[in-house]
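A quick write-up on the structure given underneath.
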Amino acid sequence: MMLWQNSAKKYKSMWAEAVWTFMRLMDTTKHGSGLNLALKFFPFAIILELPLYLLVLIGIIRYTLAKTRPVLWREKYPSVSCTITCYSEGRDVIKTILSLAYQEYPGFIQIIPVIDGALQNANTLSAALSCIQEVNKLPNRRLQVIPKWQRGGRVSSLNTGLMFATGEIIMALDGDTSFDNDMIQNATQHFDDPNVIGVAGCLRVRNRDKSLTTIFQNIEYMLSIAAGKTGLSEFDVVNNISGAFGVFRTSFIRITGGWDAGTAEDLDMTLRIKQHFGRHSRLRIVFDPMAIGHTDVPVTFKDFIKQRWRWDGDLFYIFIRKYRYNIRPKLLGWKNFFFILYSGLIQQILMPFIITFYTVALFILFDTGVIVGLLMFIYCVYLIALLILFIFYIIGISERISQDIKYLPFLLLYPFFAFITRVNSAFAIIQEIFIGTHYDSAMAPWWVLRKTKF
């Protein structure tokens, strides 16, 4: 009985200390006591994350105001080649092919599914071939299925598609991604500006309600892709053109030599394009939230962690191993140079370690009650920031408001999901540093990756 009473008192004492710590953090009026404690959290939260957050919000406001401008009539509809990288999609590739064939676009569309390792992926090859008759009878549409018998990975498939592409615009698309029927219309209009050489498409989660993991990824795609890149595009600092949905001026991609072997081919191509910006300051990459694709994401949390393990390890490989000598103003231009340093190296490489070390330090240096109070305060700060960004997204960007708004209650749990992904990112980067995990990527065979050592 006495043991139970002592435990109860200790439990109450811990929560009392937690509440007291939280209140001190919220109250900065008493001789700065709350401010002093808050500074243990704010140096990285405000100094490192707030500028990007404000830049995105201001960009969304600019985009929202610009939407009211009248759309100009187009004089030309450029021909488009859609390269689809296929490996093990099976009959799902039919959704992708038909969603491109039935686009509301009067120009010519060439659809090129490249079946990587066609011998092992006979189902995918058969599904793609079954669409030929239906697609080719449509006006201004041509389906050209390319069976690549030896597996070579995504980069090999993209470069094969580039060889067969006849369009002025080339799209690099995933075989498990389908598209709204106005996607090509929206994406290609930006190329009326001769300075635009790439368009990043907006990805939505197609299997968003399969599990709690897909729900959180759906929120992440809404906030980081749709909202985040919309804001960044207003200042011409789009950080990446997604590998699942990228649109390029074909002539420029051929000048750069096509996609490079290795891994993280989307970020690789984005950085190689930006290396021309130092000499040609008017060149642009834009993001269009209305050019929409729908992709499947990992359903289980285990598969999600494995995917991000590869993605986050690839970030270190690209920024540090491969392009460490290319990140300079002479190549990138000053604006993109500073933004890559900030968004790429600080936010994506350094920030996961800061958050991880800060969390470990909390548990070493403070009592349980203080830790709980601090974490409550951090949670509230991030939740408020998420709510503001979500509201801006709903009001200014979302074209499916009734669908998106129902995920508002899940924002209460989203900070925990974001924290886990940041910690996971730190461990993925550590593994890449010491053992080079990008050489073991499932995106290409080992004999391809081992020939691209950095």
Side-chain angles (χ1 to χ4, degrees), residues 48 51-52 55-56 59 154-155 158-159 162 169-172 190-191 193-201 224-225 228-243 245-288 311-351 429 432-433 436 438 443 449 451-454:
L48 296 183
L52 180 61
L55 186 73
V56 168
R154 282 182 54 84
V155 166
L158 289 168
N159 286 328
L162 181 62
I169 307 300
I170 186 168
M171 295 189 171
H190 299 283
F191 292 96
D193 178 353
N195 294 313
V196 172
I197 52 178
V199 173
S224 65
I225 296 181
K229 290 186 178 181
T230 295
L232 297 180
S233 184
E234 289 298 310
F235 299 98
D236 294 328
V237 286
V238 174
N239 54 352
N240 191 21
I241 302 176
S242 170
F245 186 6
V247 188
F248 307 91
R249 199 177 293 276
T250 308
S251 58
F252 196 90
I253 296 301
R254 288 197 167 118
I255 288 172
T256 64
W259 283 265
D260 201 5
T263 189
E265 84 293 333
D266 50 355
L267 181 58
D268 184 290
M269 177 57 78
T270 305
L271 286 178
R272 284 201 292 129
I273 288 174
K274 287 189 174 185
Q275 287 173 35
H276 294 266
F277 286 15
R279 289 167 292 164
H280 308 282
S281 58
R282 293 187 177 182
L283 295 180
R284 298 171 58 215
I285 295 172
V286 301
F287 173 78
D288 191 337
W311 285 7
D312 295 333
D314 285 353
L315 290 175
F316 183 86
Y317 160 71
I318 291 292
F319 283 125
I320 306 300
R321 294 191 191 278
K322 189 169 184 179
Y323 287 109
R324 61 185 178 275
Y325 300 120
N326 299 64
I327 300 176
R328 45 198 171 102
K330 186 176 181 180
L331 292 179
L332 302 168
W334 282 102
K335 181 167 62 175
N336 275 284
F337 169 71
F338 281 122
F339 190 76
I340 287 174
L341 285 182
Y342 173 65
S343 175
L345 299 180
I346 294 177
Q347 289 287 325
Q348 295 180 289
I349 302 296
L350 183 60
M351 198 64 175
I429 293 170
E432 169 61 29
I433 291 172
H438 73 277
M443 304 306 291
L449 295 175
K451 292 179 181 179
T452 60
K453 286 184 176 289
F454 283 94

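Positions are given from 1 along the sequence. Here the structure is a predicted model, which means the values were calculated and not measured.
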Could you measure the distance from the [atom1] atom of [X] to the [atom2] atom of [Y]? Nearest 0.5 Å is fine.
| X | Y | atom1 | atom2 | result |
| --- | --- | --- | --- | --- |
| Phe248 | Ile169 | CZ | CD1 | 11.0 Å |
| Asp312 | Ile349 | CG | CD1 | 8.0 Å |
| Asn336 | Ile327 | CG | CD1 | 11.5 Å |
| Phe316 | Ile433 | CZ | CD1 | 4.0 Å |
| Arg282 | Asp193 | CZ | CG | 10.0 Å |
| Ile273 | Ile255 | CD1 | CD1 | 11.5 Å |

A side-chain contact here means heavy atoms from C-beta on lying under 4.5 Å apart; do [X] and [Y] qualify?
| X | Y | answer |
| --- | --- | --- |
| Leu55 | Phe339 | yes |
| Ile320 | Glu432 | no |
| Ile253 | Leu162 | yes |
| Phe252 | Val196 | no |
| Asn239 | Lys229 | yes |
| His190 | Val247 | no |
| Phe277 | Ile285 | yes |
| Leu341 | Ile346 | no |

Check [X] against [Y] and note the closest heavy-atom contact, atom names and distance.
| X | Y | result |
| --- | --- | --- |
| Val238 | Val286 | CG2-C, 4.1 Å |
| Phe191 | Gly198 | CE2-N, 4.0 Å |
| Thr256 | His276 | CG2-NE2, 3.9 Å |
| Asn326 | Leu331 | O-CD1, 3.6 Å |
| Gly201 | Phe287 | O-CE1, 3.4 Å |
| Asn240 | Ala200 | O-CB, 4.0 Å |

Give a yes or no on whether the backbone of [Y] and the side-chain of [X] come within a donor-acceptor separation of less than 3.5 Å.
| X | Y | answer |
| --- | --- | --- |
| Thr270 | Ile241 | yes |
| Arg324 | Arg321 | yes |
| Thr250 | Ile170 | yes |

Quick one: list whatever passes salt bridge (Lys or Arg N to Asp or Glu O under 4.0 Å) with Asp236, sequence neighbours left out. Arg284
Can you list everything that forms a salt bridge (Lys or Arg N to Asp or Glu O under 4.0 Å) with Arg272? Sequence neighbours excluded, please. Asp268
Ser242 side chain to Asp266 side chain, donor-acceptor N/O pair below 3.5 angstrom: no
Inter- and intrachain pairs under salt bridge (Lys or Arg N to Asp or Glu O under 4.0 Å), touching residues 327-350, at least two apart: none
List the steps and the verdict of side chain to side chain contact (heavy atoms under 4.5 Å, CB included) for Phe319 and Ile340. CA-CA 9 Å; Phe319 283 125; Ile340 287 174; 3.9 Å; yes
